[in-house]
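These figures come from a predicted structure and were not determined experimentally. By convention in this document, chain letters (A, B, ...) are assigned in the order of the sequence lines, proteins followed by strands, and residues within each chain are numbered from 1.
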Amino acid sequence: MAKLQAIRGMNDILPDQTPNWQYVEKCFQRVVHRFGYREIRFPILEQTQLFKRSIGEVTDIVEKEMYSFDDRNGDNLSLRPEGTAGCVRAADQHGLLFNQQQRLWYQGPMFRHERPQKGRYRQFQQFGVEAFGMVGPDIDAEVIQLSAMLWRDLQLEDYLTLEINNIGAAEDRKRYAAALTAFLVFHASELDDDARNRMHSNPMRVLDSKNPVVQEVLEGAPALVDYVSDESSEHYTELKNLLTQVGIEFVENPRLVRGLDYYNNCVFEWTTDSLGAQGTVCGGGRYDGLVKQLGGKPTVAAGFAMGVERLVLMLDSLDKIPESTAKVIDVYMVVVGGQLSGQAQLLAKQLRAKFPEIGLIAHCGGGKYNNQMKRAFNSGARVAIVLETEANAPLTAVKIRQLDDSGDSHSVELAQCGAKLAEILSIS
RNA sequence: GUGACUGUAGCUCAGCUGGUAGAGCACUGGACUGUGACUCCGGUGGUCGCGGGUUCGAACCCCGUCAGUCACCCCA
């Protein structure tokens, strides 16, 4: 029988890595709190229909990347491929949206059946914010500012670039798409297969083709800007002013189009060149029509999502994770001789009760002094408490040894153990 | 979904043109040390990703499959 292993593209995060994740998660929670966003949690599984209607029937995500299946009732369900759809569904279902303003954040696993690659996995962690009920560009600026502040806290600001674009309203895009398709059809012979395949179904996706030949053809293509309404342009201009006022640098990328259909007006991406092919760490924008599209009362919205794996990868490769992140224990209790087990466990219990904040490992499994001391050092503990007696003699004193360079060792009576420990660790 | 490369002990890897698996680290036993050391001696540990095929014989050749890595694609 074949060895059991994790599903392709789904990673185990081992104890050596979890501190890095916790570091990122804490940073995010701190930042989000600063802006007054509240957490919302919603299911990993939803009706497939939700994603089809929000993300778009002809997007790659829905067409070929969703984990969909019929459950025992015959309902077609999907593992969520992103967070916004579920967030909107939950918020609307519970009456959080109509005539209200909401600032929400979420975090959790998303699923997309893609070929695994660096920074791209079939189960991946996303972290996102969604703001509902605010019309002006100030909320766009706010969510961007929130992300920028996270980069600052994570010391990544020098490695990320903000790209923005105005993709206009849905009607604007419809007119533009028609014009673009006409252009592409005219130049079809100069395009690659990929672009030809997409020029009818989703012409705007051709814009961010990486093929230089295609890009050259696109030089002469109609520009989206020319099809965008005045209202939309004003919104965009105002957003740029706001970003400038709060000191956030950006580059305008007229080719920036997002892969999910619900976006409109201002969209943005934070990208890096330190991650290989998966350069986008965070992406978002406005989606004013989505709530209505999903059956709710019209409610404007803006938000973004970021890939936590990519952030952790970035922090790792740039060596931006603080040393202290890996939380180690403080005390390792060395227990020489099986007859001391009971007393060791009792002493450990008392110390843990007395100093709830310290981490204490009481050695289990026997073994000689040398090996236990070795484990004590390798554990990262600051001190070792050594329990050892002559054969069958009662335990009346312990040795507290500092595991730093000093190597100081103190012999103390059992009753004084706690006090001495507190003194050495400078705790009360 | 397409392509390239990779898959040998817990870890890092070696194994020449096919002849019944090796090193270092780690772990562990002992010697020496008033004691995480150093040095020395010994030990545990591998169905060579999995399944077929060719061959007297395959970790090494062929096919398939699974997984990993990177790129395309797409996106976070």
Side-chain angles (χ1 to χ4, degrees), chain A residues 1-12 14 16 24 55-56 58-66 80-84 106-129 147 160 192-195 197-198 202 205-206 208-211 214 256-260 263 267-272 275-285 303-314 332 334 336 363 365-381 383-384 386 388 399 401-405 407 409 411:
Chain A
M1 176 162 152
K3 206 171 176 181
L4 257 28
Q5 55 186 335
I7 304 299
R8 182 149 144 97
M10 305 202 178
N11 301 123
D12 300 309
L14 273 14
D16 280 347
V24 174
I55 297 166
V58 294
T59 56
D60 280 21
I61 294 176
V62 168
E63 274 185 334
K64 47 194 192 196
E65 294 175 2
M66 280 212 292
R80 62 186 185 192
E82 60 106 43
T84 301
Y106 63 84
Q107 177 195 26
M110 308 296 165
F111 303 83
R112 262 125 94 158
H113 191 106
E114 300 180 274
R115 190 81 171 260
Q117 197 178 321
K118 182 177 189 177
R120 196 181 74 184
Y121 309 103
R122 290 186 173 181
Q123 174 175 337
F124 60 101
Q125 198 76 6
Q126 263 191 357
F127 207 31
V129 307
S147 56
L160 289 163
D192 58 14
D193 289 347
D194 215 53
N197 286 337
R198 234 173 315 195
N202 204 343
R205 291 237 55 95
V206 177
D208 59 3
S209 164
K210 282 180 192 165
N211 187 337
V214 174
L256 177 64
V257 287
R258 316 238 58 248
L260 293 77
Y263 285 110
V267 296
F268 66 92
E269 273 183 19
W270 286 95
T271 60
T272 178
L275 268 185
Q278 312 307 320
T280 303
V281 168
C282 172
F304 67 72
M306 59 179 79
V308 185
E309 283 79 0
R310 292 180 184 180
L311 280 178
V312 173
L313 235 33
M314 237 182 123
Y332 195 100
V334 170
V336 184
H363 184 86
K368 59 182 189 180
Y369 177 88
N370 270 10
N371 287 338
Q372 290 196 37
M373 273 312 285
K374 197 168 178 179
R375 284 179 198 275
F377 274 92
N378 290 339
S379 73
V383 304
V386 181
E388 188 175 24
K399 196 165 70 180
R401 184 170 163 194
Q402 292 179 234
L403 300 176
D404 53 22
D405 292 337
S409 186
S411 201

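Under the Watson-Crick or G-U wobble criterion, with both distances below 3.5 Å, B:U39 is paired with B:A31. Base pairing analysis places B:C50 opposite B:G64; the two distances defining the Watson-Crick or G-U wobble pair are each below 3.5 Å. Nucleotide B:U69 forms a Watson-Crick or G-U wobble pair with B:A4, both donor-acceptor distances falling under 3.5 Å. Summarising the base pairing, B:A59 is matched to no nucleotide, lacking a Watson-Crick or G-U wobble pair whose two defining distances lie under 3.5 Å. Partner assigned to B:G24 is B:C11, using Watson-Crick or G-U wobble distances below 3.5 angstrom.
Atoms OH (A:Tyr263) and P (B:C75) sit 11 Å apart, rounded to a whole Å. Look at OH on A:Tyr369: it is 17 Å from P on B:U33, rounded to the nearest Å. For A:Lys374 and B:A26, the NZ to P distance is 6 Å, given to the nearest whole Å. Across the protein-nucleic acid pair, A:Asp16 atom CG and B:C11 atom C1' stand 12 Å apart, rounded to whole Å. Put simply, CZ on A:Arg401 is 7 Å from C1' on B:G36, counting in whole angstrom units. One atom, CZ of A:Phe304, and another, C1' of B:C75, lie 16 Å apart when rounded to the nearest Å. Between A:Asn378 atom CG and B:A37 atom P the separation is 10 Å, expressed in whole Å. The separation between A:Gln402 atom CD and B:G36 atom C1' is 15 Å, rounded to whole Å.
For the P atoms, the distance linking B:G24 with B:C41 amounts to 11 Å, nearest Å. On the P atoms, B:C11 is 15 Å away from B:C50, given to the nearest whole Å. Nucleotides B:U65 and B:U6 are separated by 16 Å at their C1' atoms, to the nearest Å. A gap of 15 Å separates the P atoms of B:G49 and B:A58, to the nearest Å. Spacing of P atoms, B:G15 relative to B:C40, comes out at 27 Å, to the nearest Å. Rounded to whole Å, the P atom of B:U12 lies 35 Å from the corresponding atom of B:C75. B:U8 and B:C32 are spaced 41 Å apart, taking the P atom of each and rounding to whole Å. Remark: the separation of the P atoms in B:U55 and B:U44 is 38 Å, to the nearest Å.
When heavy atoms are screened at a 4.0 angstrom cut-off, A:Ala376 is found touching no nucleic acid atom at all. At the heavy-atom level, A:Arg375 lies under 4.0 Å from the strands shown only through sugar-phosphate atoms. Counting non-hydrogen atoms under 4.0 angstrom, A:Leu260 reaches the backbone sugars and phosphates but no base.
Of the two residues near RNA chain B, A:Val257 and A:Asp404, the one whose nearest nucleotide lies more 5' is A:Asp404.
No option in A:Arg375, A:His363, A:Arg401 other than A:His363 meets the side-chain hydrogen bond (donor to acceptor under 3.5 Å, both in side chains) test with A:Tyr332. With respect to A:Val281, the side-chain contact (heavy atoms from CB on, under 4.5 Å) criterion is satisfied by exactly one of A:Thr271, A:Leu160, A:Leu313, A:Val308: A:Leu160.
In plain terms, the two heavy atoms of A:Ala376 and A:Leu403 that are nearest each other are O-CD1, 3.8 Å.
Put simply, the side chain of A:Gln125 never gets that close to the backbone of A:Glu309: no donor and acceptor are under 3.5 Å apart. Formation of a donor-acceptor pair under 3.5 Å by the A:Glu82 side chain with backbone atoms of A:Met110 is not found in this model. A donor-acceptor pair under 3.5 Å links the side-chain atoms of A:Arg310 to the main chain of A:Gly119, judged by distance alone. With A:Arg8 contributing its side chain and A:Arg115 its backbone, the two residues share no donor-acceptor pair below 3.5 Å.
Phosphate contact (OP1/OP2 of B:G29, side-chain N/O of A:Asn371, threshold under 4.0 Å): present. One finds no side-chain N or O of A:Lys368 lying less than 4.0 angstrom from the OP1 or OP2 phosphate oxygen of B:U28.
In this structure, CZ on A:Arg122 lies 3.5 Å from NE2 on A:His113, to the nearest 0.5 angstrom.
A:Thr280 and A:Trp270 share no donor-acceptor pair across their side chains, judged by distance under 3.5 Å alone.
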Classify every nucleotide of nucleotides 64-73 of chain B by which part a protein heavy atom approaches to under 4.0 Å, writing B for the base, S for the sugar-phosphate alone and - for neither, in 5'-to-3' order.
--SSS-SBBB
